[in-house]
Amino acid sequence: MSFCCYLEKCNPEKNQQRFYRIHLSHGIFNEWAVIKEWGRIGSPGTVRSSWFNDQESAYQAAELIQQKKLKRGYRSLETGNK
């Protein structure tokens, strides 16, 4: 099971051109990370990671983040959920 998504939010009236990327990564000590990157389209983003003990917890956290962003007006451009 893997998770990867890329979201964008463009609103010319408010000069908003944002992106949000979420993906899962497996660590060397059997832990899992949800890696989030966000920022203005065309510029380097801010990267943060949250660590989890198992893949299922990480997957659920990534899906929750994606759902919250979609509710805030982001739209999905690429998704790689398996």
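Values reported hereafter were calculated over all heavy atoms of this structure, with side chains retained and with hydrogens, waters and symmetry mates removed.
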Would you give the length of the straight line joining atom [atom1] of [X] to atom [atom2] of [Y], rounded to the nearest 0.5 angstrom?
X     : Y     : atom1 : atom2 : value
Lys69 : Leu64 : NZ    : CG    : 11.0 Å
Gln17 : Cys10 : CD    : SG    : 5.5 Å
Trp32 : Ser57 : CH2   : OG    : 12.0 Å

Leu7 vs Leu70 side-chain heavy atoms within contact, under 4.5 Å: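 Sidechains of Leu70 and Leu7: in contact.
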
How far apart are the closest heavy atoms of [X] and [Y], and which atoms are they?
X     : Y     : value
Phe3  : Glu63 : CE1-CG, 3.7 Å
Ala61 : Phe52 : CB-CZ, 3.5 Å
Phe19 : Tyr74 : C-CE2, 4.2 Å
Ala62 : Leu24 : CB-CD2, 4.2 Å
Gly45 : Glu37 : N-OE2, 3.7 Å

Exceeds 12 heavy-atom contacts within 6.0 angstrom, atom CG of Asn11: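 Buried by this count: over 12 neighbours within 6.0 Å.
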
Residue pair Glu56, Gln60: steps toward the side-chain hydrogen bond (donor to acceptor under 3.5 Å, both in side chains) verdict: CA-CA 6 Å; Glu56 185 62 32; Gln60 289 174 356; 3.1 Å; yes

Audit row: Lys36, Ser50, side-chain contact (heavy atoms from CB on, under 4.5 Å) steps and yes/no: CA-CA 8 Å; Lys36 304 166 288 193; Ser50 302; 3.6 Å; yes

Cluster companions of Phe29 among Ile, Leu, Val, Met, Phe, Trp, Tyr (side-chain spacing under 4.5 Å):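 Phe29 shares its hydrophobic cluster with Ile28.
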
For Ile35, the rest of its hydrophobic cluster, which grows through side-chain links under 4.5 angstrom: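 Cluster partners of Ile35: Val47.
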
Whether Trp38 and Tyr20 hold their rings parallel, tilted or perpendicular, with breakpoints at 30° and 60°: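 Because their plane-to-plane angle is under 30°, the rings of Trp38 and Tyr20 count as parallel.
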
Check: Lys9 side chain, Arg72 main-chain N or O, donor-acceptor pair, under 3.5 Å: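 Confirmed, Lys9 side chain pairs with Arg72 backbone.
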
Intermediate values then yes/no, side-chain contact (heavy atoms from CB on, under 4.5 Å), Glu8 and Ile41: CA-CA 8 Å; Glu8 282 190 358; Ile41 295 172; 3.5 Å; yes

